[in-house]
There are 2 protein chains.
Amino acid sequence: MLDTTPQTYTRADEAFDCLQTAIVKGDLVPGDKIGELDLCSRFELTRGPLREALGRLESRGLLVRRPHAGVRVVSLSTTELVELYRIREIMEGLAARQAAERMTDQEIADLQATLDAHETMIDEAHGQAYYQAEGDYDFHHRIATGSRNAKLAQMLLGDLYYMVRMYRYRLSTSAGRPHRALGEHRRIVEAIAQRDGELAEFLMKRHINAARKNIEKKIQEGVLTI
Amino acid sequence: MLDTTPQTYTRADEAFDCLQTAIVKGDLVPGDKIGELDLCSRFELTRGPLREALGRLESRGLLVRRPHAGVRVVSLSTTELVELYRIREIMEGLAARQAAERMTDQEIADLQATLDAHETMIDEAHGQAYYQAEGDYDFHHRIATGSRNAKLAQMLLGDLYYMVRMYRYRLSTSAGRPHRALGEHRRIVEAIAQRDGELAEFLMKRHINAARKNIEKKIQEGVLTI
DNA sequence: CCAGCATAGTTTGTCGACAATATGGGCTTG
DNA sequence: CAAGCCCATATTGTCGACAAACTATGCTGG
């Protein structure tokens, strides 16, 4: 009885994944009402597991639900989106600090390899914001798990990232930003490799702060309308 | 259509509240398995709403669920409990900063009144750790909501506090700590009243840091065994 | 012509029963 | 006598139907 891997994928889990990806990909647009039986027919499942999944999504803040009145995808205001980045800033800062203290050498090497792959991706598909976003997500994902702080990783990966990604596809990254972001990533990894948690935290916070300011600028320019 | 208050309390919400309070109060002990129909008979409801509530609780990390194998209350290791306080430290620090910037004068006055009431509570029931805990909770609750950062408040009030409270009733506060904590609270509110966000953040972080160290000390002394 | 209300329709909340799967006990076998 | 296997049981996952509540349409009255 060493590896207990019953690993039964329940329909509710399936429904949860389907809905979450549908929301992130933008198939389910924020704001408009979505009926339960519409979702049932779309994802080939019954209302029981679906409702369970809806409850979970609501609890995570991706859906808002009013009794007897249906469920709709949460639509963040511009200020709420900015507030989200304020939270990211401190939480990812902590993650970077703890990652610097706790990541294995192997994990750090992998992380550096990831950045190399990321660089070629940017060079090849110059302007392709999608790959940039995925690479960026991968980077932050590894640091969150590398922190060895289960609750922190859960909050980042389970709550915040999905909300950020949900709005990211609209935020076409500005011209030279991918390269600049990559440089920032590189410096963060350097700090982690040197086991300098304090510096890693500082750099990560500044990195996310830059992203936040970038969004705020776009909002003020009127480029971004939510 | 000014105040849309249908506010229908659904059975699932009821189940959610019942379970959450039962977990926090310690009626449901961490670790041991709890059957669904046991819960149904205990709270007078059917399995449908119950399962929905279970999904929500699981999503929030208070329950851990294995398919076909039942559900059990999460049991934190000592390191996980300490990690929780690391997260609290930064998040409540941010909350204090934003509260200093955004709370209304009225809210600040109420907060000060709360501290006064809290002081008399401590004097009257000296040693009664329960009231201390509730007053402490009230204080942090007000600051979280006062931050005007919806997501931040949701994460603090919805996720972290319940987990902390779940373990708090075992952590009998040490002798002189209530008075010291009250003093720390006072200084935080002072900083908020002066609209000094930076100072408020610093003081709040130090306040929670002290609480964390207090717990770590007890763990090392062997007083606290989870 | 507009405002307010009653009603019909649709959607959600809830319930009970059926099917699938993990746990525990007894048995067989080395 | 111990270890591994098999089966029975109980619990969980899933489904379809009924009841309650909100939304929207049409009507009446001012």
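Every heavy atom of this structure was used, including side-chain atoms; hydrogens, water molecules and symmetry mates were not. By convention in this document, chain letters (A, B, ...) are assigned in the order of the sequence lines, proteins followed by strands, and residues within each chain are numbered from 1.
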- Item | 5′-ward residue of the pair A/A69/B/G35 relative to DNA chain D | B/G35

- Item | Partner residues of A/E92 under the side chain to side chain donor-acceptor pair (under 3.5 Å) criterion, sequence neighbours left out | A/R88, A/H140, A/Y161

- Task: Under the side-chain contact (heavy atoms from CB on, under 4.5 Å) rule, collect the residues that match up with B/V73, sequence neighbours excluded.
- Result: B/I23, B/L28, B/P30, B/I34, B/L63, B/M166

- Rounding to a whole Å, what distance do you find between A/F16:CZ and D/dG13:P? 16 Å

- Find the distance B/L50:CG to D/dT12:C1' and express it as a whole number of Å. 12 Å

- Item | With sequence neighbours excluded, residues passing side chain to side chain donor-acceptor pair (under 3.5 Å) with B/D105 | B/R195

- Query: Atom CD1 of A/I34 to atom C1' of C/dT10: distance rounded to whole Å?
  - Reply: 17 Å

- Item | Close residues, residues 36-44 of chain A, relative to DNA chain C [heavy-atom separation under 4.0 Å] | A/E36

- Applying side-chain contact (heavy atoms from CB on, under 4.5 Å) to B/R212 and not counting sequence neighbours gives B/V82, B/Y85, B/R86, B/E89, B/N209, B/E216

Report, one pair per line, the protein and nucleotides 4-7 of chain C atoms (nitrogen or oxygen only) whose separation is under 3.5 Å.
none

- Item | Partners meeting side chain to side chain donor-acceptor pair (under 3.5 Å) with A/E101 (sequence neighbours left out) | none

- Just how far, in rounded Å, is P of C/dT11 from NZ of A/K33? 7 Å

Protein-nucleic acid N or O pairs under 3.5 Å, nucleotides 14-20 of chain C:
from, atom 1, to, atom 2, distance (Å)
C/dT14, OP1, B/T10, OG1, 3.0
C/dT14, OP1, B/R11, N, 2.4
C/dT14, OP2, B/T10, OG1, 2.7
C/dC15, OP2, B/T46, OG1, 2.4

- Here the distance between atom P of D/dT11 and atom CG of B/L54, to the nearest Å, is 15 Å

- Message: Tell me every residue that passes side-chain contact (heavy atoms from CB on, under 4.5 Å) with A/Q154, counting only those two or more places apart in sequence or in another chain.
- Response: A/K151

- Message: Regarding A/E107 and A/R142, does a basic nitrogen lie under 4.0 Å from an acidic carboxylate oxygen?
- Response: no

- Sorted by chain and residue number, the side-chain contact (heavy atoms from CB on, under 4.5 Å) partners of A/A53 (sequence neighbours excluded) come out as A/A15, A/F16, A/L19

- A/R65 atom CZ is separated from D/dC22 atom P, nearest whole Å, by 15 Å

- Got a sec, which pairs hit salt bridge (Lys or Arg N to Asp or Glu O under 4.0 Å) with one end in residues 53-63 of chain B, sequence neighbours left out? B/D13-B/R56

- What residues, two or more places apart in sequence or in another chain, satisfy side chain to side chain donor-acceptor pair (under 3.5 Å) together with A/N149? A/Q98, B/E83

- Task: Take A/H185 and A/D136 through the side chain to side chain donor-acceptor pair (under 3.5 Å) test and state the conclusion after the steps.
- Result: CA-CA 9 Å; A/H185 288 182; A/D136 187 62; 3.1 Å; yes

